[in-house]
Each structure stands twice: as C-alpha cells, then as structure tokens.
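Per chain, numbering begins at 1; letters A, B, ... match sequence-line order. For the numbers below, each heavy atom of this structure counts, side chains included, while hydrogens, waters and symmetry mates do not.
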Protein chains: 2
Amino acid sequence: MEKDISQAVIRRMPRYYRYLGELLDAGVERISSNELSAQMKVTASQIRQDLNNFGGFGQQGYGYNVRFLYEEIGKILGLDKQYNIIVIGAGNLGQALANYVKFEKRGFIITGLFDVNPALRGLSVRGIPVRMLEELPEFVKNNKIDIAALTMPKESASQVANQVVELGINAIWNFAHLDLELPEHVVVENVHLSDSLMQLSYNIVKKEREKKRIAEYNI
Amino acid sequence: MEKDISQAVIRRMPRYYRYLGELLDAGVERISSNELSAQMKVTASQIRQDLNNFGGFGQQGYGYNVRFLYEEIGKILGLDKQYNIIVIGAGNLGQALANYVKFEKRGFIITGLFDVNPALRGLSVRGIPVRMLEELPEFVKNNKIDIAALTMPKESASQVANQVVELGINAIWNFAHLDLELPEHVVVENVHLSDSLMQLSYNIVKKEREKKRIAEYNI
DNA sequence: GTCAATGTGTGAAAATTTTAACATTAAACG
DNA sequence: CGTTTAATGTTAAAATTTTCACACATTGAC
C-alpha cells in the first residue's frame with residue numbers, strides 16, 4: 001500500500017520541471033538542491049524532500065544531473081505520454097488554448113474544437129475546424145480523446161461535463177466557474193480565473209492596509 | 001501586530017464567495033456551517049475556522065445570514081472597490097479576458113488593451129481599442145491603472161513587467177509562463193496554465209496506476 | 001591513493017493546517 | 001417567560017507539511 005503524495009507536492013512539481021528545462025536549455029549539466037533553491041526561492045530541504053517522494057534522483061557529493069532529473073519529473077507528471085484534447089467552447093479562451101503551440105511540445109494535442117454557436121461554423125484555428133456540439137458523440141467515438149477542456153459559460157458546463165464523461169472521457173480541464181460533480185473515476189482540474197483575480201485583489205488591499213499601518217506607526 | 005492569514009485560507013475565500021452568491025440568487029436567507037459544508041464538501045469546522053480569521057459573522061443558534069456574509073467576504077477580498085486593468089498582449093487570451101463581462105460585475109474594469117503587433121491596430125474588443133505598446137506610458141500617466149494583466153509570450157513578459165512597475169502599477173496578473181522578479185511592494189498573482197495541465201496529467205496517470213494495481217490485486 | 005569538501009537522503013523537530021470537541025450564546029417554541 | 005435546541009466561536013488535539021540536522025556516500029584536489 002503506497003501512501004499517496006500530497007497535492008501540495010504535486011503543485012510544485014511543474015515548477016521544478018520548468019526550472020530544470022531552463023537549466024537544460026542553458027546547457028547546465030548538474031545542479032545541487034542548494035543552487036536550485038536559491039534560484040527558485042524555496043528551501044533546499046523542500047526540494048530534496050519533494051523529489052524523494054518519488055525516488056532518489058541525485059547523487060551525494062554531486063547533486064542532480066539536470067537532464068536526468070528533468071526527464072524523471074517529466075515521467076512523474078505523465079509527460080512521456082500523448083494526450084488528445086478536445087476543447088468545448090470555441091470562444092476566445094478556447095481559441096487561445098487551441099493556439100497555444102507549447103502544449104503540443106509536452107504531448108498535449110488539441111484534436112477537436114466544439115461550440116454551440118452556428119456563427120462559428122467554418123472557422124478553424126491552426127487547422128482545427130470548429131465543429132458543432134451535436135457532432136461530439138460521433139467524434140469521440142472515432143477518436144481516442146483523453147481530456148476535455150471546458151471553456152464554455154458555466155450555465156451549460158455541468159451538462160456538457162456529464163455528457164463528456166458518458167462518452168468515456170475521464171479527465172476534464174474545467175475553466176467554467178463552477179464545481180463539477182462527477183463520478184469518482186473522473187479526474188478534474190479546475191482553472192478558476194475569477195478566483196485568481198480575487199486573490200490578487202485581496203493581496204492588493206492587504207498590502208495597502210500594511211502600508212497604511214506602517215505610515216500611522218511612523219507618525 | 002496582526003499575524004497574517006495564510007494563503008491556504010485566502011485560496012478558499014473566493015469559493016465561499018461563489019457558493020454564497022449562488023445561495024443568494026436562490027433566495028436562501030440563512031445557512032449554517034453544516035449545511036454549507038455539505039454542499040461544498042469541506043468540513044464545517046474549516047468553514048468556521050476560516051471565517052473567524054476575519055471576525056465573527058455568524059450568530060449562535062442561527063447560523064450565517066447569507067447576504068451579510070456574502071458582502072463581508074466581498075469586502076475581505078476587496079471587491080467593494082474598483083480596479084482598472086490593462087491587458088498587455090491582445091491575442092486570444094487577452095481578448096478572452098477583455099470579453100469576460102462578469103469581471104466588471106465584481107469591479108474589475110478592463111480599461112486598455114495593448115500589443116506589439118501592428119496587425120492588431122484598429123481592432124477593438126467590447127469597445128476597447130487595441131493600442132500599441134509604445135502608447136503604454138502615456139496611457140498609464142493619464143489613467144489610474146491598478147492592475148496589469150500580462151498575456152503575452154514569456155519572452156517579453158519580464159521586461160514589460162518591469163516597465164509596468166516603473167510606471168507605477170503595483171499589481172500584476174501574470175499569465176506568462178515564468179516567475180517574475182519584482183520589487184517587494186508589487187503584488188503578483190500567477191496563472192500558469194501549463195502547470196495546471198501537468199497537474200491534470202499527473203492525476204490521470206496516477207488514477208491509471210491505481211486502476212492497474214486494483215486489477216492486479218484482484219487476479 | 002588519500003583526504004577534505006560537497007551534497008544527498010532521511011529521521012526527527014518545528015511549524016502550520018485541519019479537524020474535533022465543547023462551552024456559550026441566541027433563537028425557537030410552547 | 002422559561003426551557004430546549006441549534007449552531008457559533010474557540011480551545012485543544014490530530015494530522016500534515018516544512019524545516020532542520022546530520023550520517024554517509026562521492027567527488028575532486030593533491
């Protein structure tokens with residue numbers, strides 16, 4: 001029975017991956033947890049602890065081999081596989097995802113683009129035609145789809161999510177501003193932009209309050 | 001000396017706000033931490049604990065008044081103020097932000113839209129014209145801007161972030177895939193879509209591994 | 001080939017976060 | 001108006017996460 005790794009750790013892994021990728025591009029061959037911690041502004045201890053959840057990737061007296069660690073983290077994150085994605089909701093956000101070429105480099109292939117709006121019929125983004133939502137079941141039957149990205153308004157999101165799951169897609173990247181209630185076997189990752197914006201505004205007012213307090217203290 | 005509230009709590013506040021908004025729309029007047037916890041799938045204890053970081057908003061024997069609590073959380077999150085936002089990078093993502101009307105309801109006004117691409121000159125989104133990046137300093141001088149959303153490629157993000165800070169903007173909503181190094185007084189909120197996608201893919205392979213393990217166990 | 005220096009992996013301590021328990025207060029109700 | 005019930009605010013315990021500290025394996029200089 002392996003105890004599973006906390007989501008806090010998982011949230012940090014892509015960041016390690018990013019920094020290692022940059023080091024790799026810069027031609028750096030090896031790095032110690034200390035150097036990396038300085039760059040990333042986290043403790044070296046946390047880096048070592050995090051990595052050791054998955055195994056020992058470093059070598060005492062040497063540090064970590066950048067390329068090796070980069071690839072291992074890639075495997076941990078499942079980036080050694082390919083995922084076909086359909087994007088449902090071909091508004092600006094959906095188009096933005098479809099246009100973002102970098103995803104493909106990591107094995108995430110945008111395969112289909114769907115919308116309910118007939119005005120979008122005929123439009124295509126990077127060669128991917130916008131299809132009408134009615135065509136979805138047929139499309140999913142004929143193509144192996146791993147992930148559905150939901151970029152439509154929240155009003156229809158819940159229903160579409162259910163449909164998508166019924167069609168056999170088990171992973172959802174949810175941009176709609178609601179929490180989806182789905183069977184336990186479905187993996188959901190939420191991107192709530194409004195929440196993010198509210199966190200920003202919280203931190204803005206917090207900083208203003210701090211500034212004010214300091215000013216008063218100095219009177 | 002007030003000890004400050006952990007970001008874990010802050011991350012949960014927008015979600016409370018959202019659920020309370022829905023209750024409000026549904027005409028619910030009062031709610032107990034228990035009922036809310038059932039809906040939100042968190043413990044009632046956590047809800048009470050979280051709220052009491054900011055003060056006692058409920059009443060013993062009664063629960064919480066939905067409207068009151070909604071508004072109080074709004075104030076905590078700084079949603080009782082208005083923020084003018086400029087979006088730098090008028091690609092699909094920037095346009096998506098500019099088009100998202102709901103932000104305005106919360107007091108986030110998209111005031112300007114900038115890009116380096118001359119091909120976008122003349123384009124306007126919801127009445128907001130795309131301006132050339134050269135016009136930025138002038139524009140910021142003439143308009144009170146609170147937040148800059150960076151939706152351009154990461155290559156130029158760092159430089160633009162510095163420029164924006166020098167122009168006196170102290171809050172950045174960063175969509176570029178890098179960590180910005182900025183003075184301490186600047187508030188940064190990151191939205192790293194790639195990280196989110198990697199977390200999704202981690203959870204996909206994790207679930208697959210689990211499934212496989214269970215299958216093997218049952219042989 | 002030896003030996004100091006480096007730097008991981010890891011067990012334990014410290015800090016933080018979450019959950020549980022309960023004393024207290026207000027509402028509801030007869 | 002008094003009693004019962006509901007549900008908060010709060011203190012304490014449990015769980016989790018982060019940091020510390022150090023034994024020990026490798027490296028690299030001489």
Side-chain angles (χ1 to χ4, degrees), chain A residues 1-16 19-20 23 28-73 76 199 202-203 206, chain B residues 1-16 19-20 23 28-73 76 199 202-203 206:
Chain A
M1 193 73 181
E2 311 155 29
K3 77 146 193 323
D4 52 19
I5 289 139
S6 79
Q7 286 295 315
V9 175
I10 303 308
R11 268 201 301 274
R12 286 192 291 266
M13 298 306 289
R15 187 149 179 266
Y16 295 139
Y19 273 81
L20 287 163
L23 288 168
V28 179
E29 263 183 33
R30 58 184 264 194
I31 191 145
S32 69
S33 58
N34 245 303
E35 292 170 276
L36 190 56
S37 84
Q39 290 185 34
M40 297 188 63
K41 309 221 171 103
V42 297
T43 63
S45 193
Q46 180 163 75
I47 294 176
R48 294 204 299 275
Q49 234 7 314
D50 282 351
L51 296 177
N52 280 54
N53 279 298
F54 302 98
F57 302 121
Q59 205 152 36
Q60 283 154 328
Y62 175 88
Y64 298 88
N65 177 288
V66 173
R67 179 179 302 278
F68 176 70
L69 184 56
Y70 178 76
E71 281 167 6
E72 287 301 311
I73 295 180
I76 290 166
Q199 283 174 57
Y202 171 83
N203 284 310
K206 180 184 151 204
Chain B
M1 193 71 181
E2 313 155 31
K3 78 146 189 325
D4 54 17
I5 288 140
S6 80
Q7 286 295 315
V9 174
I10 303 308
R11 266 201 303 274
R12 286 192 292 266
M13 297 308 286
R15 188 151 177 264
Y16 295 139
Y19 273 81
L20 287 163
L23 288 168
V28 178
E29 263 182 31
R30 59 185 263 192
I31 191 145
S32 69
S33 58
N34 245 303
E35 292 170 277
L36 190 57
S37 84
Q39 290 185 33
M40 297 188 63
K41 308 218 172 108
V42 298
T43 63
S45 196
Q46 180 163 77
I47 294 176
R48 294 204 298 275
Q49 204 61 278
D50 282 352
L51 295 178
N52 281 54
N53 279 299
F54 302 99
F57 302 120
Q59 208 151 32
Q60 281 152 328
Y62 174 88
Y64 298 89
N65 178 288
V66 172
R67 179 179 303 278
F68 175 71
L69 185 55
Y70 178 77
E71 281 166 6
E72 287 301 313
I73 295 180
I76 290 165
Q199 284 174 56
Y202 171 84
N203 284 310
K206 179 183 151 201

Please tell me if the side chains of [X] and [Y] come closer than 4.5 Å, counting only heavy atoms from C-beta onward.
{"X": "B:R15", "Y": "B:V42", "answer": "yes"}
{"X": "A:I10", "Y": "B:K206", "answer": "no"}
{"X": "A:D50", "Y": "A:I5", "answer": "no"}
{"X": "A:E29", "Y": "A:V66", "answer": "no"}
{"X": "A:I73", "Y": "A:L51", "answer": "yes"}

Rounding to an integer number of Å, can you tell me how far [X] [atom1] sits from [N] [atom2]?
{"X": "A:R11", "N": "C:dT17", "atom1": "CZ", "atom2": "C1'", "value": "13 Å"}
{"X": "B:N53", "N": "C:dT18", "atom1": "CG", "atom2": "C1'", "value": "12 Å"}
{"X": "B:D50", "N": "C:dT19", "atom1": "CG", "atom2": "P", "value": "10 Å"}
{"X": "A:F57", "N": "C:dG9", "atom1": "CZ", "atom2": "C1'", "value": "13 Å"}
{"X": "A:I47", "N": "C:dG9", "atom1": "CD1", "atom2": "C1'", "value": "14 Å"}
{"X": "A:L51", "N": "C:dT10", "atom1": "CG", "atom2": "C1'", "value": "14 Å"}

Let me see the working for A:L36 and A:L23 under side-chain contact (heavy atoms from CB on, under 4.5 Å), right down to the final yes or no. CA-CA 10 Å; A:L36 190 56; A:L23 288 168; 4.1 Å; yes

For residues 55-65 of chain B, which side-chain donor-acceptor pairs fall under 3.5 Å, sequence neighbours excluded?
| unit_1 | atom_1 | unit_2 | atom_2 | d |
| --- | --- | --- | --- | --- |
| B:N65 | OD1 | B:R67 | N | 3.0 |
| B:N65 | OD1 | B:F68 | N | 2.9 |

Which nucleotides of nucleotides 22-30 of chain C have their base under 4.0 Å from a protein heavy atom (B), which only their sugar-phosphate (S), and which neither (-), written as one string 5' to 3'? --BBSSS--

Quick one: is C:dT18 close enough that its OP1 or OP2 comes under 4.0 Å of any side-chain N or O from B:R12?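 For B:R12, the contact criterion (side-chain N or O under 4.0 Å from OP1 or OP2 of C:dT18) is met.
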
Does A:Q49 contact C:dG11 through a side-chain donor or acceptor facing the base, at a distance under 3.5 Å?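 Check passes, donor-acceptor contact within cut-off.
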
Could you note down all residue pairs passing side chain to side chain donor-acceptor pair (under 3.5 Å) where residues 34-44 of chain B supplies at least one of them, sequence neighbours left out?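 Sorted pair list: A:E181-B:K41, B:S32-B:E35.
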
Report the C-alpha separation of B:Q7 and A:N203 in whole Å, then their side-chain angles, then the decisive distance to 0.1 Å, and conclude whether the side-chain contact (heavy atoms from CB on, under 4.5 Å) test is met. CA-CA 10 Å; B:Q7 286 295 315; A:N203 284 310; 3.3 Å; yes

Side chain to side chain donor-acceptor pair (under 3.5 Å) partners of A:Q46, counting only residues at least two apart: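 A:Q46 satisfies side chain to side chain donor-acceptor pair (under 3.5 Å) with no residue once adjacent residues are dropped.
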
Which nucleotide of DNA chain D is the first, and which the last, in the 5' to 3' direction, to come under 4.0 Å of a heavy atom belonging to chain A?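 Answer, 5' to 3': D:dT17 to D:dG28.
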
What is the minimum heavy-atom distance between A:V9 and A:F54, and which atoms define it?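 Closest heavy-atom pair between A:V9 and A:F54: CG1-CE1, 4.2 Å.
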
Contacting residues from residues 37-45 of chain A, given that a heavy atom lies under 4.0 angstrom of DNA chain D: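 Close to the strand are A:T43, A:S45.
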
